[in-house]
Amino acid sequence: MVNDTAPPFFPMERAAACPFDPPPALHDLQDQAPLTRVRLWDGSTPWLVTRHAEQRTLLADQRLSAAIDSPGYPLPGPARPRDSKGGGSIGFILMDDPEHARLRRMVTAPFAIKRVEALRPAIQKIVDDLIDEMLAGPRPVDLVEAFALPVPSLVICALLGVPYTDHDLFQGHSRNLISRSVPIEERSASFTALHDYLDDLIGSKLDHPDDGLLSQLAERVRGGELKRSDAAGIGVLLLVAGHETTANMIALGTLALLEHPDQLALLRDSDDPKLVASAVEELLRYLNITHTGRRRAALEDIDIAGVTIRAGEGVIMANDIGNRDPSMFDAPDDLDLTRDARRHVAFGFGVHQCLGQPLARLELQVVYSTLYRRIPTLRRATELDAIPFKHDGAVYGVYELPVSW
Amino acid sequence: MKITLDQDKCVASGQCVMAAPDVFDQRDEDGIAVLLTSTPGDTDADDVHHAAAVCPAVAIRVQD
Ligand code: HEM
Ligand code: SF4
């Protein structure tokens, strides 16, 4: 079918009254066809993939490149100078195999299921201590600052061997890095600052090794397997991805549960680890915080769902709407903690599927099974429409969440 | 049923271990998946099929 109207602008806006739902225009596109054209900030018109099945198929297809210097790559905004030079890039997330696989495998060991599960008592203690502090402090309190951000920051710092006392520095720069409203110069400066910070840390691990992941990377630098700038890039990726995402899932997840009291009650009144695990999957699906889509460029022509993606064209898999695909999930717009949501694409799919997912799951399981039981009267301390949502960020969430009890 | 696992494709996501812990495990050194058995019994069938469906690297093949 020939469509002679101009492709719609992407990303689209959410409906003000439904802060947990993807933009309504995405639903319309999904109803039309699995793949449609959209228009980006730079006037380019990549494909937008809106259905679950095609998203999975394409994300598993290595003819699509994740490298942002591939021709046709759909950039989310002006490229940072460092990105365009290719030097000091942000780890392997924007690389293709075989180099992506080589680097990823250097850091996969600590994210294996059993290694991560062994951290449960330590994470439980972090969560309990922060709740103790909150309960002893003034009300209302900003849940983001007091709880949602510190939990994953403390966890990833311990895993990497980054001193948590530097959290003002790396949290501030991370925030800039994933924001779309911070000017490009400032974002570049934040990236450089983070890169230099990680580079210095890796240097100090060379002289003073410990049992953290950065120290293992430093050893590989010493052994000549890994360039020091790549090691620093991987460090930046793990540090940023390790706390910004999970923090948003904690705060936005809590807000979503407060708006769905029946679901919150289910979680609070159950001590079944299976329900807790299922709740985590459902909230990942329902909230899909990585809301600007998985972005790729076609290296060859690809035939799919009756269209041909040409080599050199951009492709965006909008996993937020993929997770609301009615052919995959019944009543997809309902938050239902008891459904089997495990096939969601909130962690992506294919070789770039989230490396930190076992850790994110564990942190969320501990948080969701502890916070509402220990503070059963937890409530929002302001109107829903007074809460600042991260519409402008690469990762969706709330900037602040004032709560009381 | 018979399972084959392509370790070269595996990206160590751990999804298979979560889905079917009696059938899949991960290597200590790099988290790459290993089979605990390639011919699991019927009781594991659903879990194994689920593991194959969620494997992001499409590295698991199941023959019934
Ligand atoms: C709930 C929290 C999280 C969500 C929703 C999430 C989401 C994602 C998504 C969608 C991708 C795929 C990117 C793509 O295909 O283009 C990804 C990749 C990645 N994530 Fe996460 N993530 C979370 C937590 C974490 C944590 C805790 C860590 C680290 C400790 C982490 C580290 C990474 C890394 C290193 C990659 C790149 C993998 C690769 O390119 O091979 N993430 N994440
Ligand atoms: S699910 Fe697939 S990619 Fe993940 S560990 Fe198992 S075999 Fe490897």
Side-chain angles (χ1 to χ4, degrees), chain A residues 52-53 55-62 66 92-93 97-98 100-118 213 216 220 273-274 277-278 280-281 294 319 328 340-362 365, chain B:
Chain A
H52 188 272
Q55 289 182 357
R56 281 187 19 140
T57 304
L58 286 169
L59 283 170
D61 192 327
Q62 298 247 33
F92 44 81
I93 192 165
D97 283 356
H100 159 268
R102 189 181 82 87
L103 295 179
R104 176 167 166 137
R105 282 193 182 197
M106 289 185 185
V107 289
T108 37
F111 295 100
I113 300 288
K114 286 177 185 162
R115 286 276 296 276
V116 168
E117 189 55 37
L213 185 49
Q216 292 167 20
R220 292 187 191 261
K274 283 214 182 71
S278 153
V280 168
E281 300 310 312
R294 323 280 25 95
N319 46 338
M328 187 63 217
D340 182 357
R342 291 178 298 170
R343 292 192 191 198
H344 67 71
V345 282
F347 288 125
F349 199 71
V351 298
H352 289 280
Q353 193 184 54
C354 183
L355 169 72
Q357 56 182 305
L359 186 62
R361 286 194 166 99
L362 175 60
Q365 286 171 8
Chain B
M1 83 179 351
K2 179 153 178 28
I3 313 174
T4 46
L5 170 69
D6 185 343
Q7 291 184 321
D8 290 338
K9 283 190 180 167
C10 173
V11 295
S13 73
Q15 299 268 29
C16 54
V17 181
M18 262 179 41
D22 295 336
V23 179
F24 298 94
D25 200 358
Q26 286 169 287
R27 295 199 295 231
D28 288 341
E29 64 271 27
D30 56 9
I32 297 303
V34 289
L35 284 174
L36 297 173
T37 165
S38 60
T39 52
D42 288 347
T43 47
D44 288 317
D46 283 354
D47 291 347
V48 168
H49 281 290
H50 182 76
V54 293
C55 171
V58 203
I60 301 168
R61 294 258 173 267
V62 184
Q63 287 165 280
D64 284 303

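Order of the sequence lines sets the chain letters (A, B, ...), proteins ahead of strands, with each chain counted from 1. Computed over heavy atoms, backbone and side chain alike; hydrogens, waters and symmetry mates excluded.
Residue B:Gly31 comes nearest to A:Ala112 through the heavy atom pair CA-CB, 4.3 Å, listed as atom of the first residue, atom of the second, then distance. Across every non-hydrogen atom of A:Thr108 and B:Val11, the tightest pair is CG2-O, 4.0 Å. Heavy atoms only, all atoms of each residue included: B:Pro56 and A:Ala60 are closest at O-CB, 4.4 Å.
Interface remark: A:Leu355 contributes no atoms to any contact with chain B (heavy atom separation under 4.5 Å). Only the side chain of B:Val58 has a heavy atom closer than 4.5 Å to any heavy atom of chain A. Using a 4.5 Å cut-off between heavy atoms, B:Ala53 contacts chain A through both its backbone and its side chain. The contact between A:Arg105 and chain B is made by backbone and side chain atoms together, counting heavy-atom distances below 4.5 Å. The contact between B:Asp28 and chain A is made entirely by backbone atoms, counting heavy-atom distances below 4.5 Å. Looking at B:Glu29, the atoms closer than 4.5 Å to chain A (heavy atoms on both sides) all sit in the backbone: N, CA, C or O.
In this structure, A:Arg342 and B:Gln15 have side chains that are not in contact, with every pair of non-hydrogen atoms separated by 4.5 Å or more. Contact of the A:Arg361 side chain with the B:Met18 side chain is registered, since non-hydrogen atoms from C-beta on lie closer than 4.5 Å.
Summarising the local packing, CG of B:Asp64 is surrounded by more than 12 heavy atoms from other residues, nucleotides or ligands at distances under 6.0 Å. Surrounding CG of A:Asp340 are more than 12 heavy atoms belonging to other residues, nucleotides or ligands, all under 6.0 Å away. Residue A:Arg102 places its CZ atom among more than 12 non-hydrogen atoms of other residues, nucleotides or ligands, all under 6.0 Å distant.
Looking at B:Gln26, its side chain never comes within 3.5 Å of a backbone N or O of A:Lys114 through a donor-acceptor pair.
Residue with the most contacts toward chain A among B:Ser13, B:Ala57, B:Ala59: B:Ser13 (heavy-atom pairs, distance under 4.5 Å).
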